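Read through the structure below, which is laid out as structure tokens, and then see the notes.
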Amino acid sequence: MNHVIFYYPFDEKLARKVADQLKFPLGEVVFRHFPDKETYVRINTEVTNKNIILVSGLNNPDEKLIPIIFFAETAKRLGAKSVGLVAPYLGYLRQDKEFKKGEAINSKIFAPLLSKYIDWLVTIDPHLHRHHKLNEVYTVPAYALHAAHLIADWIKHNVDQPVLIGPDEESKQWVTKVAEYADAPYIVLQKLRHGDREVEISVPKVSKYKKYTPVLVDDIISTARTMIETVRHLSDAGMKPTICIGVHAIFVNHSYQDLLNEKVARVVTSNTIQHESNVIDVSGLIAEFITKL
Ligand code: R5P
């Protein structure tokens, strides 16, 4: 067997599913911290002449970057042929320009840095807004997979008469695809972000969809403010309780509970980031991609 799959502890569940489908062995690696919080990595599985795949999402990227770099460098020193990274969620893509003078453009710093240590990267629905392709910032082959048809399948099987709602212009790329696959109408709203936790969403014109089930679709749910503000508008407009679908369940602090406290019928996410709201399984998408690769 020429491939071995390793994982960062947070991503064990997804990595096991991918390895099972590919019939690739799972490697053993210790990631821990010394008492002074410096990172310790030890690879316990033979990697010489093997193609190594590390599954590690890049939510909480500051915590994971050093372990990923130490892992990749160690695997190569031990003779690995290649080290690829499966990062189902890819962080540091939202700060993709200098919004205020003097700000770091995170995407343009993080991506070239990570690229120095890995041979390729694959992710799911990266937040590509002002960058149109990952390779505008990544200098190694970087592939984007899409969960739109998986989301559409879930909607088809679980929602009666859906109308899809995208909360902002950036969500248009996901919402239009999901709507097409699910054969459902869609509306895209406008969002003004005033701060990390303050967003203003335009009032949706939904009078002709009163009998429909509103399905809010976005890539990332972080503070959930985008979803909460939109759900409130839909509720004020007399719509049925909203189904909220996010690809990446970041859910900082108590944001998941905050969203559940609104007029929502259900919150559904994919397992790119492990969370209790995970329903849509992306392991098949990743396994299929690795097979082709
Ligand atoms: C940004 O444009 C993204 O597509 C999401 O709408 C955003 O990241 C959601 O963030 P939050 O949950 O903090 O409102």
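If you're wondering where the values come from, they're calculated on a predicted model, not measured in any experiment. One-based numbering, in listed order, for ligands and for the atoms of each.
Using a cutoff of 4.0 Å between basic side-chain nitrogens and carboxylate oxygens, Lys292 and Glu288 are scored as salt-bridged. Electrostatic pairing of Arg232 and Glu262 counts as a salt bridge here, judged by a charged N lying under 4.0 Å from a carboxylate O.
For ligand 1, residues of the protein lying within 4.0 angstrom by heavy-atom distance are Arg94, His127, Asp168, Glu170, Lys191, Arg193, Asp218, Asp219, Ile220, Ile221, Ser222, Thr223, Ala224, Arg225, Thr226.
For the side chain to side chain contact (heavy atoms under 4.5 Å, CB included) with Tyr89, the lone residue among Ile220, Thr123, Val247 that qualifies is Ile220.
Taking the six-membered ring for Trp and thresholds of 30 and 60 degrees, Tyr256 and His275 have ring planes more than 60 degrees apart, a perpendicular arrangement. Using a 30° and 60° split on the angle between ring planes, Tyr92 and Phe110 fall in the tilted class, from 30° to 60°. Relative orientation of the Tyr40 and Phe34 rings is perpendicular, given thresholds of 30° and 60° on the angle between their planes.
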